[in-house]
Amino acid sequence: LCVDSELNNNLRLIRPALLGYPLVSSRMQTRCPATTQAAMGTRSRVMQLLNAGRLHAARVCGVVPSHAVASTSGASNFVMPSGNQAFSSRVLAGRNIFQLKAAVDTVQAATTPAPAAATPIIELPTSDESEKLLRIRHSCAHMMAMAVQRIHKDAQVTIGPWIERGFYYDFDLKTPLTEKDLKAIKKEMAKISKAKLPFIREEVSAEEAEKRIKEANEPYKLEILESIRARDPNASITIYHIGEKDHPMHWWDLCAGPHVEKTSDIDMDAVALESVAGAYWRGDEKRAQLQRVYGTAWERPEQLAAYTQLKEEAAKRDHRKLGQELDLFSIQETAGGGLVFWHPKGAMVRHQVETFWKDLHLQKGYQLVYSPHVAKLDLWKTSGHFDFYKESMFDQMQIEDEEYQIKPMNCPFHVGIYKQGYYSYRDLPIRMAELGTVYRYERSGTMHGLFRVRGFTQDDAHIFCLPNQIAAEIRGVLDLVEETLSTFGFTKYEVNLSTRPEKSVGDDEIWTTAEAALVEALQAKGWDYSVDAGGGAFYGPKIDIKIQDAIGRKWQCSTIQLDFNLPQRFDMSYIDDKTTKQRPIMIHRAIFGSIERFFGILIENYAGAFPLWLAPVQVRLLTVNDEVAPYANEVAAEMRKHGIRAEVNGGASIAKLVRNATKAKTPLTCVVGKQEVENKSLSVRLYAGQQELGALPASDVIARLVKSIASRTEF
C-alpha cells in the first residue's frame, strides 16, 4: 500500500499516524513522562518517514526534481515546481493510505505518455470457420501419425480428426508416450514436411481396403471399415497416401479427407504438439486404452503465438481452478463424478442469476412451473426418449413392481401440465418456464468441471402456439436471449439455423411454414446467420446461438427448437375457430443451456471477478482494530438492510486484510479506522482497476451501491 519501501517496512509505526491515532494517551502522558518522551521520538521518526515517502511519491511522479531530499527534521526543504501546488497540498496534507496512493496514481495517469496504437488483433479461426485450416489440421494429424509410426514401429493407429483449433490422433503403443517424446515426433514431422510429399486420394473397393488393412496389421482400421460397411454396404472407401507408393517414406490411411496438396504446404513453425492423454477406443472404458496426442496448427507462426497466449490466459481463467480458489463449488468423488456441490459463495451467484431469470420471464409473459425428478418409464417410452436417448439415461429404478426413470429432460412434464387444461385458439400462446434439474449419464472420461456433468439445471421453457404465431414467438425469444445475455456482458453472437434433415416427422407444409418463420424472425432481428442445410433434428428446425467471451472464445449457449413430434406422441390439441381439434406447435428453448455450464462460462469470462450486482460478497469492511468494529458492524447491518452483501473483516493487519479482499476479488473494500468512525465515512477501494476513491460518507457509499446494484452497473 505504501509508495516507499522504507515506509512499507515501518507500516506498523506509520499506520496510527496516518489514521489519526495519538501514539500515547493523555492519561499515559501524565503518569509516564519517560514513555511519553520515547513515544514522541517515535512520532518524529514516523513523520520523517512519512514526509520522505511523500517526497518519494512526488519524485516518482516527476513533479519534483530527482535530487530533492527530505530534511532530518521531518520538514521537506524542496520547492515544488510551478503548476504542481495542487498535488503538493493533496499529498502532503493526506493522512489516509488510500488517499495518498490515489493522489500518486492520479498524477501518474496525468503524466504518463499515451500508449502506442493497439496491436492488430490476430484472428484465430476454428476449423469450421476456415476450410484451409481444416485441411492443414487434418493433414497434420496424418503427418503426426506417420511420424509416430516411423519412430515406434509397433504403433497401431486408430482415428485422427481435426478439432476446433487443432487435431489429435489415438495410438495403441506398448511404450507409453510422455511430453518429452513430443519433441522427437515434431522433428520427424518437420522431415516429412521438407520432403514435399503429395497427399494422394485413392478410391478402392471395400475388399481391397480390407486386404491392405490386414497386410498392415491395423485391427482398429479394420473395425472402422466394418462399421462403414454396416452403415452402407455400397459406400465408397477412400484412402489417402502421403507420397507415391514407391517412395521410401510412403504412408497411407483410411480417410475421407480433405487434405492439403503436399506436406510442404504445412508451416511447421505454426505447428505445436501440445499434450499426451489417455483415451478409450470408441470412448468405451471396457475397450482398449489408447494414447492420444493433441496438437494445434495454423497458417502462420504469429497465429500460433497468439493461440499460445490465449491458452495461457484461458488457463488463468480456468473455472475449475478459480472455483476452488474462490470457494464457489466442488465436485467430490466420494459422492460421485459430475455431481456439483454449490458452496455458499457460488450458491449466492446462482441465486442472483436465477432471480434475474425468473423476474425477466415473468415480465415477458411466461408462467413458472415445477416438475418431479422421476416418472414412470412409460412416460419416457411415450415421449420417445427411451428409444432415442437410452444411452444417455441412468438405469431405471424398480418401485412397487413398476419401473421409474430419473428424468433426463423436462419436456414431457410440461406437456403433461398442458394436457391437464382445455384450450381454445384464443388461449394460445402458452409459455411455461422452469429451472428444472435433470440427470444424464456421462462416461467418467468425458466429464469436465461444470461444462459436462451428470446432474444439471436447465433453464427450460416451452411455448405452445398456433402455426401463424411461430414467427412472433421466435422473435420474442430472440429478444429475450439478447436481453438476458447482454445483461451478463455477452453482446457478440454467432447464429446458426439448422433445417430439415432427410428423415423427419411432420408434413411438408408444416416444415416449410416453420423454416420460413425462423428465417423471418432472424431477418426481423437483423442478425447475421449461417444455414446448416439438413442439420435440424428429425422433429423440427432449430436456431443455435454461440456467445463470445472476454478473450474471444465462443460458447454454445442458447437453443430454440421447434417440435412437431411430442404434440403428436402425446395427442396434444386445442380447439380452433371452427371448433375442430388441432395440434399446437411446440417450441423448446433454453438461453443459458444449463445453470452449471453458464456459471462456468461466467467464471472464466470474468476471470472470477464478478460484476458488483453478481458478486457473492459485494463489500468488505476492514477494521484497523477492535475499537472500530462496532461502527463497521453498524454500517454492515445498514448495508444488508438495503440488500447489499457486506462482510466485516478484522483481526489482522490492514495490508493482509486488503490482500485477502483482493484475492477474493471483492468489488469494494472499505477501510475503517478512527478517522472514519469520527467522520461517519469509509475509505473506499475498488477491485476494478485497483482504484482508491478515498474517504466518502458512509451514507453516500450505501446510496451509490444501491443504485449501482439496481442498475447492474459498476460503483
Query raised in the report: Under 3.5 Å, side chain of Asp549 to main-chain N/O of Ile601, donor-acceptor pair present?
Result: no

Query raised in the report: Hey, are Asn410 and Asp460 close enough side-chain-wise for a donor-acceptor pair under 3.5 Å?
Result: yes

Query raised in the report: Taking the six-membered ring for Trp, are Phe388 and Phe538 parallel (under 30°), tilted (30 to 60°) or perpendicular (over 60°)?
Result: tilted

Report task. Please collect all ring pair (Phe, Tyr, Trp, His ring centres under 6.0 Å) contacts where either partner lies in residues 284-304, sequence neighbours excluded, each pair once. Result -> Tyr168-Tyr294, Trp298-Tyr307

Report summary line: Residues at least two apart in sequence or cross-chain that pass salt bridge (Lys or Arg N to Asp or Glu O under 4.0 Å) with Lys211, listed by chain then number, are none

Query raised in the report: Under 4.5 Å between any side-chain heavy atoms of Ile151 and Gln149, yes or no?
Result: no

Query raised in the report: With no hydrogens and no angle check, is any side-chain donor or acceptor of Tyr539 less than 3.5 Å from a backbone partner on Gly536?
Result: no

**Report entry** Trp555/Phe490 aromatic ring centres below 6.0 Å
**Finding:** no

Report summary line: d(Leu478 CG, Arg589 CZ) to nearest 0.5 Å is 11.0 Å

Query raised in the report: Is there a side-chain contact between Asp284 and Arg443 (heavy atoms, below 4.5 Å)?
Result: yes

Query raised in the report: Do other residues, nucleotides or ligands put more than 12 heavy atoms under 6.0 Å from Gln309 CD?
Result: no

Query raised in the report: Does atom CD of Glu179 have more than 12 heavy-atom neighbours from other groups under 6.0 Å away?
Result: yes

**Report entry** Parallel, tilted or perpendicular: ring planes of Phe464 versus His462, cut at 30 and 60 degrees
**Finding:** parallel

Query raised in the report: Using the ring of each side chain (for Trp, its six-membered ring), is His142 parallel, tilted or perpendicular to His138, with breaks at 30° and 60°?
Result: perpendicular

Requested in this report: Write down the atom of Pro125, the atom of Ser130, and the distance for their closest heavy-atom approach.
Outcome: CB-CB, 4.0 Å

Requested in this report: Output the distance between atom CD1 (Ile242) and atom OG1 (Thr263), rounded to the nearest 0.5 Å.
Outcome: 7.5 Å

Report task. Run the numbers on Glu223 and Arg287 for salt bridge (Lys or Arg N to Asp or Glu O under 4.0 Å), then give the verdict. Result -> CA-CA 13 Å; Glu223 188 175 330; Arg287 304 291 301 273; 2.8 Å; yes

Query raised in the report: How long is the span from the CD1 atom in Ile470 to the CD atom in Glu473, to the nearest 0.5 Å?
Result: 10.0 Å

Report task. Could you grab the distance from atom CZ of Phe488 to atom CD1 of Ile547, nearest 0.5 Å is fine? Result -> 10.0 Å

Query raised in the report: With a 4.5 Å heavy-atom cut-off, do Pro541 and Phe564 have their side chains touching?
Result: yes

Report task. Provide the closest heavy-atom pair for Tyr441 versus Glu285 in the form atom of the first, atom of the second, distance. Result -> OH-OE2, 3.7 Å

Query raised in the report: Closest heavy-atom contact between Val157 and Tyr169?
Result: CB-CE2, 3.5 Å

Query raised in the report: Under 3.5 Å, side chain of Thr491 to main-chain N/O of Ser486, donor-acceptor pair present?
Result: no

Query raised in the report: Any side-chain heavy atom of Asp479 within less than 4.5 Å of one from Val477?
Result: no

Query - Shortest non-hydrogen separation from Gln556 to Ile545 and the atoms involved - result: NE2-O, 3.5 Å

**Report entry** From CA spacing to verdict: salt bridge (Lys or Arg N to Asp or Glu O under 4.0 Å), Lys221, Asp253
**Finding:** CA-CA 9 Å; Lys221 291 296 180 184; Asp253 196 2; 2.7 Å; yes

Report task. Scan side-chain atoms only and decide if Thr457 and Thr437 contain a donor-acceptor pair under the 3.5 Å cut-off. Result -> yes

Query raised in the report: Does atom CG of Asp232 have more than 12 heavy-atom neighbours from other groups under 6.0 Å away?
Result: yes

Query - Under-4.0 Å salt bridge between Arg583 and Asp571 - result: yes

Report task. With the side chain counted from C-beta on, respond yes when His247 and Pro198 share a heavy-atom pair under 4.5 Å apart, and no when they do not. Result -> no

Query raised in the report: Salt bridge check: are Glu515 and Arg500 linked by an N-O gap of less than 4.0 Å?
Result: no

Query - Straight-line distance of Arg569 CZ to Asp563 CG, nearest 0.5 Å - result: 10.0 Å

Report task. Give the intermediate values and the outcome of salt bridge (Lys or Arg N to Asp or Glu O under 4.0 Å) for residues Arg229 and Glu207. Result -> CA-CA 10 Å; Arg229 296 170 76 174; Glu207 293 75 20; 3.8 Å; yes

Query raised in the report: Using 30° and 60° as the class limits, which term best fits the ring planes of His241 and Trp252: parallel, tilted or perpendicular?
Result: tilted

Query raised in the report: Looking at Phe386, is Lys381 sitting on its ring face, NZ or CZ under 6.0 Å from the six-membered ring centre and within 45 degrees of the normal?
Result: yes

Query - Distance-minimising heavy-atom pair for Ala288 and Tyr220 - result: CB-OH, 3.5 Å

Report task. May I ask you to say whether Glu312 pairs ionically with Lys316, meaning some side-chain N is under 4.0 Å from a carboxylate O? Result -> no

Query raised in the report: Are the side chain of Thr446 and the backbone of Glu442 linked by a donor-acceptor contact shorter than 3.5 Å?
Result: no

Requested in this report: Starting from the C-alpha separation in whole Å, work towards a yes-or-no answer on side-chain contact (heavy atoms from CB on, under 4.5 Å) for Met447 and Val453.
Outcome: CA-CA 6 Å; Met447 291 181 290; Val453 293; 5.8 Å; no

Query raised in the report: Heavy-atom distance under 4.5 Å between the side chains of Trp527 and Ile543, does that happen here?
Result: no

Query raised in the report: Is it true that atom CD of Glu261 has more than 12 heavy atoms of other residues, nucleotides or ligands lying nearer than 6.0 Å?
Result: no

Query raised in the report: Does a side-chain N-to-carboxylate-O contact under 4.0 Å join Glu520 and Arg475?
Result: no

Report task. Evaluate the criterion side-chain contact (heavy atoms from CB on, under 4.5 Å) for residue pair Val276 and Thr178; output intermediate values, then yes/no. Result -> CA-CA 7 Å; Val276 179; Thr178 66; over 6 Å; no

Report task. Would you mind reporting whether Gln291 and Asp170 have side-chain heavy atoms less than 4.5 Å apart? Result -> no

Query - Modelled atom types, side-chain donor and acceptor of Gln396 and Gln405, under 3.5 Å - result: yes

Query raised in the report: Relative to each other, are the rings of Phe592 and Phe598 parallel, tilted or perpendicular (30° and 60° limits)?
Result: parallel

Query - Exam field: side chain His259 to backbone Tyr240, donor-acceptor pair closer than 3.5 Å - result: no

Query raised in the report: Which heavy atom of Thr499 sits nearest a heavy atom of Trp511, and at what distance?
Result: C-CZ3, 4.3 Å

**Report entry** Main-chain N/O of Ala190 paired with Ser193 side-chain donor or acceptor, under 3.5 Å
**Finding:** no

Report summary line: The reported gap from CD1 in Ile474 to CD in Gln469 (rounded to nearest 0.5 angstrom) is 11.5 Å

Query - Asn496 and Tyr529, any side-chain heavy atoms less than 4.5 Å apart - result: no

Query raised in the report: Listed by chain and number, what are the salt bridge (Lys or Arg N to Asp or Glu O under 4.0 Å) partners of Arg212, not counting sequence neighbours?
Result: Glu202, Glu208

Report task. Have a look at Arg553 and tell me which of Glu164, Glu494, Glu604 forms a salt bridge (charged side-chain N to carboxylate O under 4.0 Å, His left out) with it. Result -> Glu604

Query raised in the report: Ignoring hydrogens and geometry, is there a side-chain-to-backbone donor-acceptor pair from Thr238 to Cys255 under 3.5 Å?
Result: yes

**Report entry** Arg137 and Ser127: side chain donor to acceptor below 3.5 Å
**Finding:** yes

Report task. Please determine if Lys407 forms a cation-pi arrangement with Phe413, meaning its NZ or CZ atom is less than 6.0 Å from the six-membered ring centre and no more than 45° off the ring axis. Result -> yes

